[in-house]
Amino acid sequence: MGSIHGKTIWITGASSGIGKSLALELGSRSCNLILSSRKKGELEKVKELCGGTDNIAVLPLDLQDLDKMEHLAQMAISFFGKVDILINNAGISQRSLIMDTKLDVYEQLITINYLGTVALSKAILPHFIRNRSGHFVTVTSLMGKFGSPYRSGYCGAKHALHGFFDVMRMEHEKDGINVTLVCPGFVRTNVAKNALTADGSPQQEDDVATQNGIDPETAAKKMIKAIEKDKFEVYVGGKEVKGIYLKRFFPKLLHKMVLKSRVR
């Protein structure tokens with residue numbers, strides 16, 4: 001892709017965390033931005049922080065509303081005439097043991113983290129094909145590459161995203177469409193506080209690993225660099241990124257290390 005300067009970029013999960021940091025960074029690069037999340041009030045605040053200019057649009061979106069995605073895609077296109085990049089950043093985490101977790105919690109995790117993202121991406125795909133260009137940037141997680149206790153449903157949904165978007169790249173590279181999968185590790189956001197527990201209620205407290213993670217501004221800058229280089233995958237985080245290579249070459253060692261760390 002080269003420089004991201006001046007592109008029209010649609011960001012989901014833009015009201016806080018990595019999405020908010022992406023908006024602020026991309027806003028400084030003269031990009032047209034479409035900011036989406038469930039929280040319209042928070043999106044308006046992010047827009048103001050970006051300068052509140054005419055090149056920033058707010059489009060509330062709930063990934064559980066699968067049947068609304070085609071309409072939302074058309075609205076997004078209407079703001080600036082096209083969308084160059086869709087950053088699938090919205091999602092929700094989990095902190096509960098398999099034995100204790102209700103099935104409807106797994107259904108919610110799959111709907112938000114996987115099916116909602118798939119539905120939105122399919123809705124914008126014909127626009128990308130017509131333009132012979134487009135870039136899907138999907139934020140998964142290191143948990144999309146290896147597992148960790150208390151995150152079974154989250155890991156399952158994130159693994160599924162890798163399978164889907166790897167195939168998206170294979171099928172539509174011929175149409176000028178790129179796919180970048182972003183795998184963050186621990187980033188200082190509210191992801192742990194908002195994580196679903198066994199009964200579907202939010203955890204409402206942070207965890208040590210998240211508190212000690214990298215800041216979202218650093219994560220956003222690394223993501224943008226990967227987008228500009230058209231990378232297939234990028235791993236963003238601290239020492240936990242080494243788990244990618246341990247899983248590949250020393251899976252039993254990783255298994256022992258994760259259990260020993262007792263990460264929550």
Side-chain angles (χ1 to χ4, degrees), residues 1-14 18-19 22 26 29-36 57 59 61 63 66-91 110-145 156-184 220-236 244 248:
M1 172 171 285
S3 175
I4 208 167
H5 185 92
K7 299 291 184 180
T8 297
I9 305 173
W10 188 4
I11 308 170
T12 68
I18 294 174
L22 280 168
L26 292 168
R29 303 187 186 205
S30 301
C31 294
N32 297 320
L33 300 180
I34 304 160
L35 308 180
S36 289
L59 180 59
L61 175 154
L63 286 176
L66 302 181
D67 58 348
K68 294 182 179 179
M69 296 307 171
E70 290 188 9
H71 173 67
L72 290 167
Q74 292 307 310
M75 288 186 65
I77 293 165
S78 72
F79 288 127
F80 305 107
K82 68 177 298 189
V83 174
D84 295 302
I85 304 170
L86 170 61
I87 301 182
N88 289 307
N89 172 66
I110 287 293
T111 300
I112 294 172
N113 292 332
Y114 178 67
L115 291 177
T117 296
V118 167
L120 184 61
S121 299
K122 278 178 57 61
I124 202 72
L125 177 61
H127 176 69
F128 284 176
I129 292 173
R130 284 194 298 271
N131 291 339
R132 301 291 302 172
S133 69
H135 199 150
F136 290 107
V137 179
T138 298
V139 180
T140 68
S141 170
L142 292 182
M143 297 296 96
K145 303 294 286 186
K158 294 298 187 177
H159 273 70
L161 286 173
H162 277 262
F164 180 86
F165 281 98
D166 279 344
V167 175
M168 177 74 86
R169 184 190 299 112
M170 293 172 182
E171 292 184 356
H172 291 287
E173 185 177 60
K174 69 182 188 305
D175 299 311
I177 296 170
N178 298 317
V179 175
T180 297
L181 289 158
V182 180
C183 306
K221 289 176 181 177
K222 289 185 176 182
M223 286 176 61
I224 292 168
K225 186 178 293 186
I227 294 168
E228 291 183 324
K229 292 183 177 181
D230 291 333
K231 284 187 173 290
F232 279 17
E233 284 189 7
V234 60
Y235 313 123
V236 178
I244 295 286
R248 185 180 303 167

[X] side, atom [atom1]; [Y] side, atom [atom2] - distance, nearest 0.5 Å:
X: H162; Y: T140; atom1: NE2; atom2: OG1; result: 3.0 Å
X: I4; Y: R29; atom1: CD1; atom2: CZ; result: 7.0 Å
X: T180; Y: K229; atom1: OG1; atom2: NZ; result: 12.0 Å
X: L181; Y: F164; atom1: CG; atom2: CZ; result: 11.0 Å
X: I9; Y: L33; atom1: CD1; atom2: CG; result: 6.0 Å
X: W10; Y: F79; atom1: CH2; atom2: CZ; result: 9.0 Å

For the student: nearest non-hydrogen atoms of [X] and [Y], plus distance:
X: K158; Y: G144; answer: CB-CA, 3.7 Å
X: V179; Y: R169; answer: O-NH2, 3.1 Å
X: A157; Y: N113; answer: CB-CB, 3.7 Å
X: P184; Y: V139; answer: CG-CG1, 3.7 Å
X: I34; Y: F80; answer: CG1-CE1, 3.8 Å
X: C183; Y: L142; answer: O-CD2, 3.5 Å

(request) Could you please spell out the steps behind the side chain to side chain contact (heavy atoms under 4.5 Å, CB included) verdict for R132 and D175? (result) CA-CA 5 Å; R132 301 291 302 172; D175 299 311; 3.2 Å; yes
Sub-4.5 Å side-chain heavy-atom contact between [X] and [Y]:
X: F136; Y: L125; value: yes
X: I77; Y: I124; value: yes
X: V234; Y: K222; value: no
X: V236; Y: I18; value: no
X: L120; Y: L61; value: yes

(request) Start with the C-alpha distance between N131 and H127, add both sets of side-chain angles, then the distance that settles side-chain hydrogen bond (donor to acceptor under 3.5 Å, both in side chains), and finish with yes or no. (result) CA-CA 6 Å; N131 291 339; H127 176 69; 3.1 Å; yes
(request) Just jot down the side-chain contact (heavy atoms from CB on, under 4.5 Å) partners of T117, sequence neighbours excluded, or say none. (result) L63, N88, S121, T138, L161, F165
Check: [X] side chain, [Y] main-chain N or O, donor-acceptor pair, under 3.5 Å:
X: N89; Y: G13; value: yes
X: K122; Y: E70; value: no
X: H5; Y: L26; value: no

(message) Under the side-chain contact (heavy atoms from CB on, under 4.5 Å) test against H135, which residue among D230, I177, D84 passes?
(response) D230
